[in-house]
Amino acid sequence: MNDLEEILRAEMVKYLVQTAIFCPGTGELLDTRACVVLNDADGDPVAVLSPVGWANVTPANRELLAERGVTASDR
């Protein structure tokens, strides 16, 4: 990734955190430095969860996400 892509990605993650504010799974306050980022098949951020929220996602649901090209990454 080049500098511009890194800046854009960081801004997209910041936007997602500011929009959601709380993890949809746990209700925890989201932090851009500690959230788990869900990326679409192109690698673009589409959603954010708290680490506990991601840990609560069942293996079956993780498999379903993987089938649809969604990957998770730490910030």
Side-chain angles (χ1 to χ4, degrees):
M1 251 193 302
N2 64 34
D3 290 341
L4 182 57
E5 289 174 330
E6 290 175 19
I7 292 168
L8 269 171
R9 178 176 174 71
E11 289 299 314
M12 288 174 72
V13 171
K14 184 171 120 180
Y15 168 77
L16 290 169
V17 169
Q18 289 176 335
T19 302
I21 299 175
F22 298 103
C23 176
T26 64
E28 292 179 275
L29 184 65
L30 291 169
D31 181 357
T32 58
R33 296 165 294 177
C35 65
V36 175
V37 180
L38 299 180
N39 305 296
D40 65 11
D42 295 329
D44 299 325
V46 292
V48 288
L49 297 170
S50 69
V52 174
W54 177 245
N56 290 340
V57 176
T58 64
N61 285 338
R62 289 183 189 205
E63 224 175 272
L64 182 62
L65 289 170
E67 287 173 7
R68 295 181 179 180
V70 176
T71 59
S73 63
D74 291 335
R75 185 64 189 116

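Counting from 1, the numbers follow the sequence of the chain as shown. Since we're looking at a predicted model, the values are computed, not measured.
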If you look at every heavy atom in [X] and [Y], which pair is closest and at what distance?
{"X": "N39", "Y": "A72", "result": "ND2-C, 4.4 Å"}
{"X": "R9", "Y": "P45", "result": "NH1-CG, 3.2 Å"}
{"X": "C23", "Y": "G53", "result": "SG-CA, 4.0 Å"}
{"X": "E28", "Y": "S50", "result": "OE1-OG, 2.8 Å"}
{"X": "A34", "Y": "P51", "result": "O-CG, 3.2 Å"}

From [X] atom [atom1] to [Y] atom [atom2], the distance as rounded to the nearest 0.5 Å:
{"X": "E11", "Y": "Q18", "atom1": "CD", "atom2": "CD", "answer": "8.5 Å"}
{"X": "N56", "Y": "N61", "atom1": "CG", "atom2": "CG", "answer": "11.5 Å"}
{"X": "D40", "Y": "R68", "atom1": "CG", "atom2": "CZ", "answer": "13.5 Å"}

Cluster link [X] to [Y], ILVMFWY, side chain under 4.5 Å:
{"X": "V37", "Y": "W54", "value": "no"}
{"X": "Y15", "Y": "V13", "value": "yes"}
{"X": "V57", "Y": "V70", "value": "yes"}

- Kindly determine whether D74 and V36 satisfy side-chain contact (heavy atoms from CB on, under 4.5 Å), including the steps that lead there. CA-CA 5 Å; D74 291 335; V36 175; 4.0 Å; yes
- Task: Decide yes or no on side-chain contact (heavy atoms from CB on, under 4.5 Å) for L30 and F22, but give the supporting numbers first.
- Result: CA-CA 5 Å; L30 291 169; F22 298 103; 5.8 Å; no
- Query: Under a 4.5 Å cut-off applied to non-hydrogen side-chain atoms, are L38 and V48 in contact?
  - Reply: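 Side chain of L38 against side chain of V48, heavy atoms only: no contact under 4.5 Å found.
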- Can you establish whether the number of heavy atoms outside E6 located under 6.0 Å from its atom CD is more than 12?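 Yes, the 6.0 Å shell around CD holds more than 12 heavy atoms from other groups.
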- Query: Counting distance only, does the side-chain N/O of D42 pair as donor-acceptor with the main-chain N or O of D44 below 3.5 Å?
  - Reply: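 Between the backbone of D44 and the side chain of D42 there is no qualifying donor-acceptor contact (under 3.5 Å).
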